[in-house]
2 protein chains.
Amino acid sequence: MAVSGRGPRERMVFSAAQLIRRDGVTATGMRDVVAHAQAPRGSLQHYFPGGKRQLVDEAVAWAGRYAAKRVARFLDEMPEPSPSGLFAAMVRQWTDEYQTTGFAAGCPVAAATVDCAHGADATREAAAAAFACWSQPVAQALTEMGVPAGRAESLATLMISALEGAILIARAEQDVRALTTVAQELGPLLDAASRGRPFTPAEASAPAGGRET
Amino acid sequence: MAVSGRGPRERMVFSAAQLIRRDGVTATGMRDVVAHAQAPRGSLQHYFPGGKRQLVDEAVAWAGRYAAKRVARFLDEMPEPSPSGLFAAMVRQWTDEYQTTGFAAGCPVAAATVDCAHGADATREAAAAAFACWSQPVAQALTEMGVPAGRAESLATLMISALEGAILIARAEQDVRALTTVAQELGPLLDAASRGRPFTPAEASAPAGGRET
DNA sequence: GTCCGCCTATGACAACCGTCATAATAGCCC
DNA sequence: GGGCTATTATGACGGTTGTCATAGGCGGAC
């Protein structure tokens, strides 16, 4: 999980995202990024003349694009897509990581939002753009599943909100409980919106959507 | 909003929580805390021999107790309590702050979770305890509103997850949209659980729960 | 008075941070 | 080879961090 990207520049952006999501923005030093990326230190001021700000902003943007691509892949891999199934897949990505790799890291976009120095408006805007970039394919997928136009964006926001919050709680508790809980509780609501009809009590108590671990 | 608590010690804990939720843990310096609390610098090593760790941990614990007390106050102020009403009140607290004070600050517990150095297990445990302390009165309130025992804790986790995530997104976007959205979308689900019956489509499209701004 | 705790004041420490100045190297075109 | 650009190497700078050592003041106990 170390050097993957081709050029040193890509490697540094990737490493920055990984370190930020583990330690936060302020606690991540440029020398740490260089070491983690196994990149030459002199390349820093060459590729990122904007300094740490630029590196952080690009890392956040990269994370947003990565999240969007993940959503697309989840949809491709689903034989018969459903809102609860998509959400379960998004959640499962995190439960899998936490159960295999440990609870060391969270979401880089969340870290950047919480930890950006007051005055770093560019970083905050990058985080907002990342959320939008992530939310867009989710909302589009919901629409294609039959969710009315107005609801799709709202439900996408709800899904990402619940996921981000559950990641926080899971990390604090060192337990995936919060993640599996939100997937379970939100599934029926999401599926009901895609069918344009209300819950049945049976659905509410035994929700659909991918298996929980 | 500066010096409120009585002793210098309480003031420093309070100021630490305020600065942490604005700048993050690492970016908050002890000298900043002292200045913000208008406390004598020499008192730091006297009241907090455990150093920054101890101060941060106490600030997080304080935030957890504060959140729990807020929930209790919301319930007291509600003439006829409902799950969606409680959630709307919790959300409204944030929309109000963001619309009047600006989007400078987030949740201190979230900041501590994201930004705690790897090795500061005590801080992470403090964050987990804060989440538990906050979630407990919410779950109890849900139970008293008729939510089945098993569901109450799950829904409390869902509420806090969605709220925390929406706070993140709202801060990044500098817009309360995410907050009002989760309140709107989650309200009917919560109320349905308290009545033990499914949605009606009318509820789903025109959800109950406090007015949105 | 003297003593003894609590609290505060102050200055310094080593370590680290992001940034920069400067120079050396590598590769390619002509 | 000469020249040019892209990339890397290296060392230093000023600033800030958390922490500590040391000493001063202060209020009661006796």
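Protein chains get the first letters and strands the later ones, always in sequence-line order, with residue 1 at the start of each. As the structure is a prediction and not an experimental result, all values here were calculated from the model.
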[N] [atom2] sits how many Å from [X] [atom1], rounded?
X: B:Lys52; N: D:dG18; atom1: NZ; atom2: C1'; result: 8 Å
X: A:Arg41; N: D:dT7; atom1: CZ; atom2: C1'; result: 15 Å
X: A:Asp32; N: C:dT19; atom1: CG; atom2: C1'; result: 16 Å
X: B:Arg53; N: D:dG18; atom1: CZ; atom2: C1'; result: 11 Å
X: A:Arg31; N: D:dC13; atom1: CZ; atom2: P; result: 14 Å
X: B:Met30; N: D:dC20; atom1: CE; atom2: P; result: 12 Å
X: B:Gln54; N: D:dC20; atom1: CD; atom2: P; result: 12 Å

Can you name the side-chain hydrogen bond (donor to acceptor under 3.5 Å, both in side chains) partners of A:Thr28, sequence neighbours left out?
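With neighbours one apart ignored, the set is empty.
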
Does A:Arg124 come within less than 4.0 Å of A:Asp121, counting only side-chain N to carboxylate O?
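Between A:Asp121 and A:Arg124 there is a salt bridge, with a charged N closer than 4.0 Å to a carboxylate O.
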
Salt-bridged, A:Glu58 to A:Arg9, with N to O below 4.0 Å?
yes

When rounded to the nearest 0.5 angstrom, what is the spacing between [atom1] in [X] and [atom2] in [Y]?
X: A:Leu179; Y: A:Gln93; atom1: CG; atom2: CD; answer: 11.0 Å
X: A:Arg21; Y: A:Cys107; atom1: CZ; atom2: SG; answer: 8.5 Å
X: B:Glu185; Y: A:Ser161; atom1: CD; atom2: OG; answer: 11.0 Å

At a heavy-atom distance below 4.0 Å, what parts of residues 42-51 of chain B sit against DNA chain D?
B:Gln45, B:Gly51

Using a heavy-atom cut-off of 4.0 Å across all strands, would you classify B:Thr28 as base, sugar-phosphate, or nothing?
sugar-phosphate

Strictly distance-based, threshold 3.5 Å: is any side-chain N or O of A:Ser135 a donor or acceptor partner for the main-chain N or O of A:Phe131?
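No; judged by distance alone, with no hydrogens or angles, the pair does not exist.
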
Please work out whether the ring planes of A:Tyr98 and A:Trp94 are parallel, tilted or perpendicular, with thresholds of 30° and 60°.
tilted

Is it true that B:Glu144 and B:Gln140 share a donor-acceptor pair across their side chains at a distance under 3.5 Å?
yes

Proximal nucleotide (of C:dT8, D:dT8, C:dC17) relative to the B:Pro8 side chain
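For B:Pro8, the side-chain atoms sit closest to C:dT8.
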
To the nearest 10 degrees, what angle separates the axes at the start and end of the helix from C:dC7-D:dG24 to C:dC30-D:dG1, five pairs each?
10°

